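Every value quoted in this text rests on a predicted model; they were computed, and no experiment measured them.
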Amino acid sequence: MYMFEHDMARSRMSELQAEAMAASRARRLYLARRASRRAERAVRRAARASAAVY
């Protein structure tokens, strides 16, 4: 009986760890996309400022 409970606990822990890793990957992807959009806006803003100077 103890072995069965031990296996169940280990299985649950691995499931939780997989969920945590997936959430971490999703957050990193979200942050990367947000940073990319911010950089694109900065490039467009700089181009407009440069065009206004000339």
Side-chain angles (χ1 to χ4, degrees):
M1 188 64 182
Y2 172 76
M3 195 66 169
F4 176 72
E5 290 175 1
H6 182 71
D7 287 344
M8 290 294 288
R10 189 177 342 160
S11 174
R12 182 69 179 135
M13 283 296 285
S14 65
E15 287 175 12
L16 291 173
Q17 189 174 18
E19 286 179 21
M21 288 176 62
S24 177
R25 280 193 302 272
R27 177 145 179 80
R28 282 196 307 267
L29 182 59
Y30 165 75
L31 292 174
R33 285 180 176 160
R34 195 173 75 175
S36 176
R37 285 193 299 269
R38 188 176 294 158
E40 288 173 9
R41 284 194 300 269
V43 166
R44 286 196 295 269
R45 207 167 36 247
R48 281 196 303 270
S50 177
V53 169
Y54 292 111

Nearest-0.5 Å distance that lies between atom CZ in Arg34 and atom OG in Ser36: 12.5 Å
Glu40 atom CD: more than 12 heavy-atom contacts under 6.0 Å: yes
Residue pair Ser24, Arg28: steps toward the side chain to side chain donor-acceptor pair (under 3.5 Å) verdict: CA-CA 6 Å; Ser24 177; Arg28 282 196 307 267; 2.9 Å; yes
Within-4.5 Å side-chain heavy-atom neighbours: Arg44 and Arg41: yes
Beyond-backbone contact of Arg25 with Leu29, side-chain heavy atoms, under 4.5 angstrom: no
Name of the residue among Glu15, Met8, Met13 meeting side-chain contact (heavy atoms from CB on, under 4.5 Å) with Ser11: Glu15
